[in-house]
Every structure is written in C-alpha cells, then in structure tokens.
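Side chains included, hydrogens not; waters and symmetry mates left out as well; all remaining heavy atoms used.
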Amino acid sequence: MIKKPVLDSVFWSYSNVLWNGFFSLLVIFIFSKFLNLDEYGNFVGAYLFIDILTVIGQFGIANYLIKLKINDNQIFSTGFLLTGLISLIIILILNLYSFLFLNFEKYSLNFIPFLILTLYLPARNLTSVINAIFLRSLKNKTITLIAILSASLSLLIALFFLYKTNGIYALIALFVSREWTKLILSIIYMRINIFTNIKKSSIKEMLLFGSTLTLSTIVNKINIEAPKIFCFLFLDSKSLGILSACLLIVNSIHNIFRSTTYSLWVPVLSKIFLEMPQRFGEIFIRFTNVQISIVFPLFIIIAINNYEIIEYIIPENLENIGYLLPYSCIYGMITSLSYLIIPSWIVLNRTVEGLKIEIIKLVIGFTLFINFSSFGLESIIFILIIQELLILFYSKIKISPYIKKDILNQFISSTKIFISSIIFFIFSLINSFYLIKITSIYSFIYVIIISLLIYYLSLFVFDRGVFKEYKHIFIIYNSKFFKNKS
C-alpha cells in the first residue's frame, strides 16, 4: 500500500498549485476590468523590484531549516527572528532610498502606496520560514488550507478597497493582506514556539549556507524577471503590462512543477540519490518525460487557440497579448525540458554549477536584451527563446556525467513525446481552421477535450512507456525511500 503521508503531501502540494493558478486567473479577470495596461504595468514594475529584494530577505534560511537533520526549536526561532531582522533592514533602506531618489510622478503610484506595498516583503519571508517547518513534517495540507483561506480573505479586502478607492490601491491591498493573513494564520497553526531563545552558534551557519544559495537564487530571479526589467527600461508601462499578462499565463503552466521544486522534487530526488544512486539518471529521465508529456499539450493548446482564449476566457482589456502567446508558448516548451536541472544540482551538492549556469544565462540575456529590447515585445520573446535554447543545451551537457546519458541520448529518450506533440499540433491546427467552428465557450471546451484525447491516444500508440512512468513515480513513493517520513 502506498504510504499515506507521502501521497497526502503530493495531493496537497498540487492542490496548492491548482488553487494558486485559479486564484491568479481570478485576479486577472477581476482587476483587468478596473486597471488599464499602463496602470498594471506600473504596478508590475514596483512589485518586480520588491519581489527581487524578497529573495535577499529570505537569505536561504528556509532551505537551511528544511535540510536540518533534527528538529530544534531554538534553531527555528533563530531562523525566524534572523529573517525578520534582515527583512526589516531591507524595507527601511528601500523606503529611505525611494523617498529620497525615486521620481514617483512618472508612475501611477505615489510614495504612500509604494510604502504599503513594501510591507509584503517581511510577511512573505517570515511565512517561508514557517512553511519550512511545515514541510519537514509533510504538512502540505496545512500550507494549502492556509493559502486558500488567506487568499479568500484578502480578496474580500481587495474588493472593499476596489469599491472605496481604485484598482491600483485594491491590487496593493490584495498582495499585502494576503501575505500578512498567511503569516498570522501560520503562526496560529504552529505547534512549536518560534519565539524561544535564539541559538547564536547557528546564525553563522545560516549566513554561510545562505550566501551562495542566495546569490544563485538572486541571479535566477533576475534571469526570470529580465524580460520585464528591460521592457520597463526600454519600452513603456503598457508594453510591460502586456508582457506580464502574457508571461503570467505561461508561468501558470510552469508552476505545475516549478512551485513544488523544494516541497516535492528535491526531497524525492534526494532520497533516490542517497539510497539508489545508480538509478538517479534513469529516474531523472523518467520524471522529465512525465513532466513534458503534461505541459507540452497545454502549451500547444494555448498557442493554437490564442485568440479563442482571449475571446472566451481573458477579459477584453488584455486582448493585445494574443499575438505574443504562440511565441511565448515556444519559450515555455523549451524551458519545460529543464525543470529538473536546478533541483538536481541541489541534490548532487553542485549548487556552484547551478550558479555558473545562471551567471552565463544572465550574461547572455543582458547582452541580448540591452541591444535588442528597444525593437519591441516580439524581440524580447525571441531573445527569451534563444537564451533558453543555449542554456538548455549547455545544462544538459553539464549534467550528462551525473545521469550517465550524453545530450543526444537525453533528447532521444523523449523522441516519442516529441512525435506525439507534433501530431497533436498538426491535428489542432487543422481542427482550428477546418473541422470544428468555435462559436462559444462550450464548443471551445469541447475542442480542447477532443484535442487532449487525440494527444494522449497518439502518445499511447507511440510510447506506452510514458504511462508506466506515472505508475513508477507512485512505486517510488511506496518504496523504502520514504519509510522515515511515513
């Protein structure tokens, strides 16, 4: 029988992913009616800056706590208070700098709402520490329920602000109140006292552990947000709004796997590497095939039916993103081939390799973005595609000695999924133009269901093995890897 605690953890991890995806789409649907693309772009610019600084405030302390071999309330308390102190210093410096040097007249925000938005940072960071404690005990259910409750309460608060003020203030209220509600509920649900005496000897260990990881995470974060940063610098706030909305759709699919990197994939791969290192490469390939077999058809559906999605799902205010979606989906498909690279570097204790790759990606991205971003949004997406292709090939070459498969064989292992995806793409294209005329949201949903059935049927014909991979994942969960956690 499959270990119940682990299955529960997996179920609630992905329930959290689905909820966050649904909530993001709901927010887009509601607030796009009250915000134009210029206002949304200005908000994204401010939020982007604060979100990058959030990584510094976390300083890898949550990851340090997850990797602890024993439960120690003093260390948890030290991590919580240290995170709070770092976050407080950051927002004080940020607001002082913003007040003295930033020209808020250029944007829809003024200093007071920007000050309020910065309060998002400490709440987010402190919650990450508590979540680390929950994850050690596989309490993903608690994390998910808190996320649902806090999001629901914050949406009510935001709707009140929307009624009393305007869209930009309501959006700020949504983000800030959600993080603080999540923090308060997390503290209430805690079973240990995080305000006990601190352990001074662990502070140095946390800072040493977090320094390299934080640098790598910051570089990774800048790489992810680079398109928005350069769009903000070289184009205008409306273009940033369009690009952000477009990438939000793509990232919603990425989050199916990326959002559970530390709560699911790192622990699973760690156990495999520790207990059966000879099978690490084999299972790495299996997991990669499972991941791309799920996300490839989703990206193809969005790319082919981009204007139908806008017409029936996305509000009219965001209709300008339609022409970018197909290119963004190509970028998304390339990125999905490297979902497991970062967690694998962590598991293999080769975080320096991961940092090198992120720095190379940063250099490539900055070189291209600085020279070509001013040509328009299409050029930014094309840069992303080129950058991801180069990094994908380089990453697979670097990881090949550890998984005992060269780059050619890594791609060959996924050939049948590529063939099924091409068949699915051709069928969807023919279907879109000649077979079924989409006249309503119901016919649109019908087309998607039929298309997915065709995809998985062709996948079954060409590669029945991939369906066995789903079963193998559960077999791994049922193995000795998780005896200590069940």
Side-chain angles (χ1 to χ4, degrees), residues 212-213 215-224 226-227 250 254 257-258 261-262 265-266 268-270 272-274 276-296 299 327-369 372 381-422 463 465-466 469:
T212 304
L213 182 60
L215 181 58
S216 178
T217 308
I218 290 171
V219 175
N220 176 255
K221 186 73 175 176
I222 293 174
N223 279 329
I224 292 172
V250 173
H254 285 325
F257 296 109
R258 274 182 173 172
T261 294
Y262 294 103
W265 298 105
V266 168
V268 170
L269 291 173
S270 293
I272 292 166
F273 182 69
L274 289 172
M276 297 182 68
Q278 70 277 10
R279 293 190 62 196
F280 182 79
E282 167 204 342
I283 294 174
F284 175 91
I285 296 297
R286 284 184 177 184
F287 282 2
T288 298
N289 286 338
V290 167
Q291 290 177 338
I292 63 175
S293 71
I294 292 171
V295 300
F296 269 28
F299 282 124
Y327 307 120
S328 301
C329 289
I330 294 172
Y331 153 70
M333 293 174 74
I334 295 169
T335 304
S336 67
L337 290 165
S338 59
Y339 283 154
L340 288 180
I341 297 293
I342 291 178
S344 294
W345 290 132
I346 295 172
V347 168
L348 296 167
N349 201 24
R350 293 290 186 274
T351 52
V352 174
E353 286 292 340
L355 178 58
K356 288 178 183 177
I357 291 173
E358 290 297 332
I359 291 173
I360 292 170
K361 184 177 180 179
L362 186 70
V363 172
I364 293 171
F366 270 56
T367 302
L368 295 174
F369 282 124
F372 300 106
I381 298 296
F382 289 144
I383 290 169
L384 280 174
I385 293 172
I386 294 170
Q387 182 190 40
E388 283 299 323
L389 271 174
L390 293 173
I391 293 301
L392 173 66
F393 282 108
Y394 183 74
S395 298
K396 285 192 172 291
I397 289 171
K398 295 298 290 184
I399 205 167
S400 57
Y402 301 100
I403 63 173
K404 296 179 174 56
K405 272 187 180 288
D406 60 34
I407 183 170
L408 182 60
N409 282 314
Q410 289 181 57
F411 284 114
I412 288 174
S413 301
S414 306
T415 301
K416 294 176 181 178
I417 296 176
F418 296 150
I419 294 172
S420 299
S421 298
I422 292 170
D463 188 13
V466 76
E469 308 303 351

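Looking at Ile292 and Ser414, their side chains come closer than 4.5 Å, going by heavy atoms from C-beta outward. The side-chain heavy atoms of Leu384 and Tyr327, taken from C-beta on, include no pair separated by under 4.5 Å. Met276 has its side chain out of reach of Glu282: every pair of non-hydrogen atoms, C-beta onward, lies at least 4.5 Å apart.
To the nearest 0.5 Å, atoms CG (Leu340) and CD1 (Ile399) are separated by 8.5 Å. Separating the CG atom in Asn220 from the CG atom in Leu215 is a distance of 11.5 Å, to the nearest 0.5 Å. Taken to the nearest 0.5 Å, the OG atom of Ser413 stands 9.5 Å off from the CZ atom of Phe418. Interatomic distance, Leu390 CG to Leu368 CG, rounded to the nearest 0.5 Å: 8.0 Å. For the atom pair CD1 (Ile385) and OG (Ser328), the distance works out to 7.5 Å, reported to the nearest 0.5 Å. Considering CZ of Phe382 and CD of Gln387, their distance stands at 15.0 Å, rounded to 0.5 Å.
The closest donor-acceptor contact from the side chain of Ser293 to the backbone of Val290 lies under 3.5 Å. With hydrogens and angles disregarded, a donor-acceptor distance shorter than 3.5 Å links the side chain of Asn223 to the backbone of Glu358.
Taking the side chain to side chain contact (heavy atoms under 4.5 Å, CB included) definition, one finds that Phe257 meets it with Tyr14, Trp265, Gln291, Ile294, Val295, Tyr339, sequence neighbours left out. By the ring pair (Phe, Tyr, Trp, His ring centres under 6.0 Å) test, Tyr394 pairs with no residue at all, sequence neighbours left out. Take Lys221 and apply the side-chain hydrogen bond (donor to acceptor under 3.5 Å, both in side chains) test, not counting sequence neighbours, and it matches Asp51. Scored by the side chain to side chain contact (heavy atoms under 4.5 Å, CB included) test, Ser421 finds Phe296, Ile300, Ile417, Tyr455 as partners (sequence neighbours excluded). For Phe284, there are no ring pair (Phe, Tyr, Trp, His ring centres under 6.0 Å) partners, not counting sequence neighbours.
Heavy atoms only, all atoms of each residue included: Phe280 and Ser344 are closest at CZ-OG, 4.0 Å. Closest of all the heavy-atom pairs between Ile359 and Val219 is N-CG1, 3.9 Å.
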Donor-acceptor pairs are to be reported for all side-chain atoms of residues 404-411 against protein atoms at under 3.5 Å, with residues two or more places apart or in another chain.
{"residue": "Asp406", "atom": "OD1", "partner": "Leu408", "partner atom": "N", "Å": "3.2"}
{"residue": "Asp406", "atom": "OD1", "partner": "Asn409", "partner atom": "N", "Å": "2.8"}
{"residue": "Asp406", "atom": "OD1", "partner": "Asn409", "partner atom": "ND2", "Å": "3.2"}
{"residue": "Asp406", "atom": "OD2", "partner": "Asn409", "partner atom": "ND2", "Å": "3.4"}
{"residue": "Gln410", "atom": "OE1", "partner": "Lys396", "partner atom": "NZ", "Å": "3.4"}
{"residue": "Gln410", "atom": "NE2", "partner": "Lys396", "partner atom": "O", "Å": "3.0"}
{"residue": "Gln410", "atom": "NE2", "partner": "Lys405", "partner atom": "O", "Å": "3.1"}

query: Please walk me through it: do Phe299 and Val250 pass side-chain contact (heavy atoms from CB on, under 4.5 Å)?
result: CA-CA 8 Å; Phe299 282 124; Val250 173; 3.7 Å; yes

